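In listed order, ligands and their atoms are each counted from 1. Keep in mind it's a predicted model, so treat the numbers as computed, not measured.
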Amino acid sequence: MSSPDPTPPSVPGPQVPIESLNGIGPTRAKHFHAIGINTLANLLDYFPRTYQYESAEKTIADLLTDQIQTTRGEVVAVDYLGVRPRARFEATLDDGTDKLALVFFNGSYLRNKINPGMILRVQGLVKTFRNLPQMANPKWHLIDAESERIAESRFRPIYPATAKLSSDTIQRVVDEHLSAALPAIQEWFPQIVLDQRGLLPRREAYRAIHQPANEREAQQARRRIVYDELMLMQLGLGVSKRLRDGRLTAPVLRADKLLDERIRKRFPFPLTDAQQGSIWEILKDLRSSHPMNRLLQGDVGSGKTVVALYAMLVAVANKMQAALLAPTEVLAEQHFLTISNFLKDSGVRIGLYTSRTKREGRGAGLKDLADGKIHIAIGTQALLQKDISFANLGLVVVDEQHKLGVMQRATLKSKGFSPHYLVMTATPIPRTLALSYFADFDLSTIDHLPPGRLPIKTKWLRSQQAIQAYDYIREQVGLGRQAYIVLPQIEDDGISDNKSVKTEFDRLSKGPLSGLRLAALHGQMSTEEKQSTMLAFRDRQTDVLIATTVIEVGIDVPNASVILIDNADRFGLSQLHQLRGRVGRGKDLSSCLLISDPPSDVAEQRLRAMTQTTDGFEIAEMDLQLRGPGEFFGTRQHGLPEFKMADVTQELEMLGQAREDALAMLAEDPRLIMPEHRELRKALGEQFGETLPLAQVG
Ligand code: ADP
Ligand code: MG
């Protein structure tokens with residue numbers, strides 16, 4: 001068990017509540033609580049957003065013309081001039097010595113930000129206009145009346161502020177308590193690590209992040225704090241992996257040669273080497289009583305579903321149930337169709353569980369699930385909710401990047417299951433990021449596509465060239481092929497000028513595509529309607545499917561050779577790549593046509609990237625660069641800390657270092673019980689809380 005952990009009785013302890021600090025009354029304390037600052041430690045962790053050089057303040061009367069000057073005053077008048085000659089926001093400052101005019105060109109956003117009665121500090125070039133000193137587009141920020149004048153030039157932090165709590169106030173409180181609080185900040189890492197990585201000592205970093213002498217110090221401080229964040233996460237993930245591996249017992253699932261042959265017979269094609277390799281890795285995991293925790297990644301169309309199905313059939317053969325979770329109901333339905341097709345005339349029973357099947361009174365399936373009569377359950381994450389019971393759940397497969405949250409694991413455990421766990425992702429995750437976000441996962445990669453796939457030609461057209469696209473679709477349909485047309489929304493919303501499935505369906509059937517057999521597909525249709533529409537398309541009863549992104553994943557019609565994506569700038573890069581993966585599945589050369597007049601540089605870069613590469617990894621890297629990881633993953637990662645400082649897209653190198661260091665540390669001291677790791681262990685406990693019951697590791 002853990003050793004007692006006395007905090008040195010230095011004053012003030014980091015856990016001192018903010019309201020007991022000098023200068024913080026109940027009202028101000030409330031404002032601090034509102035931004036998550038409850039203790040002195042929280043305050044130290046509230047980092048500046050940026051820094052600013054500030055020159056000494058002068059009174060308005062003393063301002064020098066044609067020089068950059070700093071001053072302050074009360075806002076006594078504001079005005080917004082919407083039109084002539086250039087839209088501008090004006091304010092007048094008064095400090096008792098004189099008045100200063102401020103002009104902000106295109107400053108309409110300031111209309112509800114700067115109001116009379118406020119006190120502003122401003123910095124800018126002073127001119128004289130109609131006998132009054134004036135600053136155009138000055139740097140400004142709100143200060144409170146108590147804020148002292150700046151006597152000398154200085155480099156100062158700017159904290160994320162709120163309407164109730166200015167950066168100045170925060171800075172004042174930090175300044176007052178920093179020196180007293182610093183001694184409580186203990187070093188986490190051995191000196192050798194700091195030397196090797198060129199990092200400031202922790203205490204020094206905390207001082208410098210709040211009170212840097214200059215830009216360089218601020219940067220060094222930032223580096224250290226970023227490293228700490230990344231390292232803590234890597235350690236947390238590493239420890240939690242050990243913890244899970246050590247404590248849970250999953251069912252042992254075996255496959256012999258006979259079973260292997262039986263499963264393979266279900267597929268109308270031989271598995272690729274890459275699929276074989278992944279299956280081999282999965283089988284090794286399933287044979288063990290440690291729960292598998294594996295990420296299966298592979299580009300669109302690389303054949304992940306088949307690999308997952310193989311694993312599910314192994315579970316079923318071992319008299320266990322398997323669950324397949326999709327991110328949306330539509331995708332769950334599509335998996336249901338695909339898998340039912342592979343398992344036609346077999347004894348395996350498959351159940352689909354969505355809110356729709358529930359509504360449509362097919363809830364009887366729930367009893368079969370609880371009785372073990374259903375072998376493979378397909379649904380959304382709701383499938384793991386409390387009111388749904390399994391007889392003997394042995395494997396959970398999750399499609400598309402959603403991690404099984406801590407809560408869901410706990411729910412499963414409370415039902416007596418600790419299943420094996422496989423996550424599929426079609427957005428190839430750049431390796432460094434995979435290592436950080438999925439550090440507690442083992443990784444299998446399907447790195448090549450099934451044979452015979454031809455590269456997809458991608459062309460970007462402006463909207464006035466759209467007719468070329470429709471002509472091409474006609475030509476392809478004439479050759480017996482089929483096409484998809486994808487639009488960003490189902491109906492016109494009257495707000496944006498996005499095209500919609502319903503309007504385009506009407507327009508195209510009367511105009512550019514008249515005479516062809518068109519069908520519409522979107523999420524408002526019932527399961528049956530969608531199924532029959534998709535089946536009709538698959539059976540070549542329709543030529544062109546006009547759809548929303550419901551077709552993004554799962555639709556599989558090798559005869560389709562064109563996908564036209566209209567308003568293409570409305571889609572993310574990875575999404576475009578996914579959509580493109582709907583074609584190129586047959587023997588024929590396929591095309592992806594993007595129609596867009598891109599509204600922004602980023603949109604243009606996305607479209608350009610699409611025309612330049614079909615490599616999913618390259619696309620993913622670019623997407624990450626363009627968007628950042630939060631959006632990239634679509635969902636917040638459960639159980640992972642939020643970074644205050646680190647930006648993993650920019651700090652890949654440091655992320656790699658932190659991972660290396662974390663692994664080395666855990667190799668030497670798996671439970672972090674060595675005396676020199678005491679502080680770190682404590683920090684981990686605080687950071688991960690109940691997610692990571694370190695006490696149970698020790
Ligand atoms: P993913 O889920 O990785 O995007 P799928 O599992 O949907 O890919 O497979 C894409 C298509 O390739 C499907 O039509 C599937 O039946 C087919 N497929 C899968 N594995 C093979 C293979 N080894 N040989 C030929 N076709 C395959
Ligand atoms: Mg798939």
Side-chain angles (χ1 to χ4, degrees), residues 260-261 263-282 294-313 322 324-328 330-344 350 376 378 397-402 422-429 443-456 482 484 534-535 537-540 545 549-561 563 574-588 590 592 614-617 619-620:
D260 178 70
E261 276 166 19
I263 295 177
R264 272 165 213 275
K265 272 203 206 118
R266 286 276 147 206
F267 307 133
F269 38 70
L271 298 175
T272 64
D273 289 350
Q275 285 171 318
Q276 301 265 20
S278 298
I279 287 172
W280 179 247
E281 288 164 350
I282 290 168
R294 189 167 282 281
L295 180 67
L296 176 63
Q297 68 170 21
D299 207 346
V300 202
S302 61
K304 295 180 294 295
T305 313
V306 166
V307 171
L309 180 56
Y310 189 111
M312 292 194 277
L313 291 173
L324 172 57
L325 313 185
T328 67
V330 178
L331 296 179
E333 288 167 10
Q334 286 170 11
H335 275 307
F336 178 73
L337 283 181
T338 314
I339 289 177
S340 305
N341 204 27
F342 279 125
L343 300 182
K344 234 177 356 219
I350 313 163
I376 295 179
I378 300 176
V397 178
V398 181
D399 194 6
E400 290 307 315
Q401 298 168 14
H402 288 249
L422 181 68
V423 190
M424 301 192 272
T425 172
T427 307
I429 300 169
L443 194 62
S444 290
T445 305
I446 305 186
D447 56 7
H448 56 258
L449 300 177
R453 300 270 170 85
L454 293 166
I456 302 162
Q482 290 162 284
Y484 299 104
M534 284 193 281
L535 288 175
F537 187 68
R538 196 193 63 195
D539 298 340
R540 303 195 193 185
L545 198 55
T549 55
V550 293
I551 64 152
E552 187 178 348
V553 179
I555 281 206
D556 193 23
V557 180
N559 191 50
S561 64
I563 184 163
S574 292
Q575 201 173 22
L576 290 171
H577 180 66
Q578 294 282 330
L579 287 166
R580 177 166 60 183
R582 294 307 107 203
V583 297
R585 293 174 166 241
K587 301 170 300 299
D588 308 301
S590 295
C592 170
T614 53
D615 180 319
F617 270 90
I619 296 263

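Residue Leu271 approaches ligand 1 through these ligand atoms, each under 4.0 Å from one of its heavy atoms: 23 (N). For ligand 1, the atoms closer than 4.0 angstrom to any heavy atom of Asp299 are 3 (O). Interface atoms of ligand 1 facing Gly303, defined by a heavy-atom separation under 4.0 Å, are 1 (P), 3 (O), 5 (P), 6 (O), 8 (O), 9 (O), 19 (C). Set against the non-hydrogen atoms of Thr305, the atoms of ligand 1 under 4.0 Å away are 2 (O), 5 (P), 6 (O), 7 (O). If you number the atoms of ligand 1 from 1 as listed, the ones under 4.0 Å from a heavy atom of Thr272 come out as 23 (N).
With a 4.5 Å cut-off on side-chain heavy atoms, Leu309 and Leu343 count as touching. Looking only at side-chain heavy atoms (C-beta outward), Val397 and Met424 come within less than 4.5 Å of each other.
The two residues Ala311 and Ile282 come nearest to each other via the heavy atoms CB-CG2, 3.9 Å. Closest approach of Arg264 and Gln276 over heavy atoms only: NH2-OE1, 3.0 Å. Minimum heavy-atom separation, Pro451 to Thr272: CD-CG2, 4.0 Å.
The aromatic ring centres of Tyr484 and Phe537 sit less than 6.0 Å apart.
Looking only at atom types and distance, the side chain of Asp273 has no donor-acceptor partner in the side chain of His448 under 3.5 Å away.
In Pro558, neither the side chain nor the backbone holds a heavy atom less than 4.0 Å from any atom of ligand 1. Here Ile446 has no heavy atoms under 4.0 Å from ligand 1, in either its backbone or its side chain.
By heavy-atom distance, the residue among His335, Arg582, Arg453, Arg585 lying nearest atom 12 (O) of ligand 1 is Arg453. Closest heavy-atom approach to atom 3 (O) of ligand 1 among the candidates Gln276, Gln297, Lys304, Gln334: Lys304.
Taking any N or O of Pro450, backbone or side chain, none lies under 3.5 Å from an N or O belonging to ligand 1. Looking at Pro270 next to ligand 1, an N or O pair under 3.5 Å apart turns up. Between Phe342 and ligand 1, not a single N/O pair is under 3.5 Å apart.
At least one heavy atom of Ser302 sits under 4.0 Å from some atom of ligand 1. The closest approach between a heavy atom of Leu449 and any atom of ligand 1 is not below 4.0 Å.
Rounding to the nearest 0.5 Å places OG of Ser302 at 7.5 Å from CG of Leu296.
A distance-only check finds a donor-acceptor pair linking the side chain of Gln275 to the backbone of Gly303 [under 3.5 Å].
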